Enquirer: 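Have a look at the structure that comes next, please.
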Protein chains: 2
Amino acid sequence: MKIPAGRPSSRKRILEAAEALAREQGPGNISLDAVAARAGLSKGGLLYNFPTKAKLLEALVEMHIERAETALERSIGAGPEGRNAMALAYLRYCRQEMIDRPEPASGVLAAIAENPEFIDPVRRYQKQVMERLRERSADLELSTLAFLAIEGFWSLRLMESDCIRPDEVQRVLDRLERELEGVDPA
Amino acid sequence: MKIPAGRPSSRKRILEAAEALAREQGPGNISLDAVAARAGLSKGGLLYNFPTKAKLLEALVEMHIERAETALERSIGAGPEGRNAMALAYLRYCRQEMIDRPEPASGVLAAIAENPEFIDPVRRYQKQVMERLRERSADLELSTLAFLAIEGFWSLRLMESDCIRPDEVQRVLDRLERELEGVDPA
DNA sequence: ATTACTGTACCGTCCGGACGGTATTGTCAA
DNA sequence: TTGACAATACCGTCCGGACGGTACAGTAAT
């Protein structure tokens, strides 16, 4: 767990290379040779960092979840303790992520393509989010709706679908945010 | 285009075998041999029906889109010409599909894994749905929200995530349906 | 001496796809 | 009605290449 500094650590470079390849060549077509070449090291070097392809894919999924968890945690910390606090935090984290990271999380698809078991951590993460929504929602149905819509948004981004224009997305999320902040429940 | 009857046509059996394998072994792990074996014919026979693997995956995507299109069309025909007719039809089609076809559309993932270009038909389909929503919505934001939520729902099903309980899903969709039917816009 | 690699050579396996058969069922002229 | 041919729907094998992974000798920095 050392950070040699200078250029990003090999581990990080490898993970980003794998991610980029998954996006460009298709999630099922990332070979160790290609990843190594793209990351700017030898195959031996790659296998030094990740002894098997499975470990690499596992790390890819883990990276995304860790990013999501810390960003979400930050959003929860920043937000107020209002009516549907958790859903609002989740929605705001999602909006920030849209700006910060326009690229889809194709690495996760690559992992799933290889072995469906690699989604398990994602499922755990989602379950945890839903659990917190259940605890901290004045209007659970509305919060769940927000969760589903955000999930749908990730999914569209994953397929790089442009069926909804950015301004339309903004308006929908604005509306959702207003309703979560809540004028009245029912 | 003959229908030999007796058991389902080889084409259909092959597509279903590929689908099942994608679900079980992972979308990136369907080999022609495995598909042939599962479909109950030889590799030669498979390649007679689908001259290349790409054609098979293409057909897999096409099958899903055709199913979705006809089911959606039927739902549009059955529904009334109310306030947010298109979104309501889409939502009702989705609810019906939940019952009729509990298995996720893993075949589409298999195609994407091999070559991201295979999503193009899906994107076209989504664009077409959104276009119709734009034409036939009293409250476009709400309709778009419904579209996103449904997309999210498909996505959760694709990952076989059980983070939301079925009864919770039902309640959210009930609520969405009521709001789309509309007591008042704003 | 340890860490973090590079570079090359290699192995075994899997997989897509080409290809040469084969069985069955028409079709049609003589 | 029979023989000639052809189309349909497959079977089973084989080949070449890609890929995951191993092994190992060397190296430059710390």
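To find a chain, count down the sequence lines: A is the first, B the second, and so on, and within it residues start at 1. Worth saying up front: this structure is predicted, and the values here are computed from it rather than measured.
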Enquirer: Using the rule that two of Ile, Leu, Val, Met, Phe, Trp, Tyr join whenever any of their side-chain heavy atoms come within less than 4.5 Å, decide whether A:Met98 and A:Leu148 are in one cluster.
Expert: yes
Enquirer: Quick test: give all pairs of protein nitrogen or oxygen and nucleotides 27-30 of chain D nitrogen or oxygen below 3.5 Å, distance rounded to 0.1 Å.
Expert:
none

Enquirer: Quick one: salt bridge (Lys or Arg N to Asp or Glu O under 4.0 Å) partners of B:Glu73, sequence neighbours excluded?
Expert: B:Arg132
Enquirer: Quick one: do the B:Ser161 and A:Gln126 side chains pair a donor with an acceptor below 3.5 Å?
Expert: yes
Enquirer: Residues two or more places apart in sequence or in another chain: which of them pass side chain to side chain donor-acceptor pair (under 3.5 Å) with A:Gln96?
Expert: A:Asp100
Enquirer: Under the rule for side chain to side chain contact (heavy atoms under 4.5 Å, CB included), what residues qualify as partners of B:Ala34, not counting sequence neighbours?
Expert: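 Scan of B:Ala34 (side chain to side chain contact (heavy atoms under 4.5 Å, CB included), adjacent residues dropped) gives B:Leu21, B:Ser31.
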Enquirer: Which residues in residues 45-54 of chain A have a heavy atom closer than 4.0 Å to any atom of DNA chain C?
Expert: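 Within this stretch, A:Gly45, A:Tyr48, A:Asn49 sit under 4.0 Å of the strand.
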Enquirer: Suppose the criterion is salt bridge (charged side-chain N to carboxylate O under 4.0 Å, His left out): which pairs have a residue in residues 146-159 of chain A, not counting sequence neighbours?
Expert: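 Checked against salt bridge (charged side-chain N to carboxylate O under 4.0 Å, His left out) - neighbours excluded - no pair reaches residues 146-159 of chain A.
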Enquirer: Treating primed atoms plus P, OP1 and OP2 as sugar-phosphate and everything else as base, which nucleotides of nucleotides 20-25 of chain C get B, S or - for protein heavy atoms under 4.0 Å?
Expert: ------
Enquirer: Could you list all the ring pair (Phe, Tyr, Trp, His ring centres under 6.0 Å) pairs where at least one residue sits in residues 106-140 of chain B, not counting sequence neighbours?
Expert: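 Qualifying pairs, neighbours excluded: none.
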Enquirer: Is B:Leu60 reachable from B:Tyr48 through a run of I, L, V, M, F, W or Y residues, each pair having side-chain heavy atoms under 4.5 Å apart?
Expert: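 Hydrophobic grouping puts B:Tyr48 apart from B:Leu60.
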Enquirer: Report yes or no: is there a donor-acceptor pair, N or O only, under 3.5 Å between the side chain of A:Lys43 and the base of C:dG7?
Expert: no
Enquirer: Would you please name every residue forming a side chain to side chain contact (heavy atoms under 4.5 Å, CB included) with B:Arg74, sequence neighbours left out?
Expert: none
Enquirer: Residues of residues 24-37 of chain B with any non-hydrogen atom less than 4.0 angstrom from an atom of DNA chain C: list those, numerically ordered, please.
Expert: B:Ile30, B:Ser31, B:Leu32
Enquirer: Write out all pairs satisfying salt bridge (charged side-chain N to carboxylate O under 4.0 Å, His left out) with one or both partners inside residues 45-64 of chain A, taking only residues at least two apart or from two chains.
Expert: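 The answer is A:Lys53-A:Glu114.
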Enquirer: Just to verify, what does B:Glu81 make a salt bridge (Lys or Arg N to Asp or Glu O under 4.0 Å) with, not counting sequence neighbours?
Expert: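 Testing B:Glu81 for salt bridge (Lys or Arg N to Asp or Glu O under 4.0 Å), a comparison that skips the adjacent residues, returns B:Arg136.
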Enquirer: Angle class for the B:Tyr90/B:Phe147 ring planes (parallel below 30°, perpendicular above 60°, tilted otherwise)?
Expert: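 Parallel: the ring planes of B:Tyr90 and B:Phe147 meet at under 30°.
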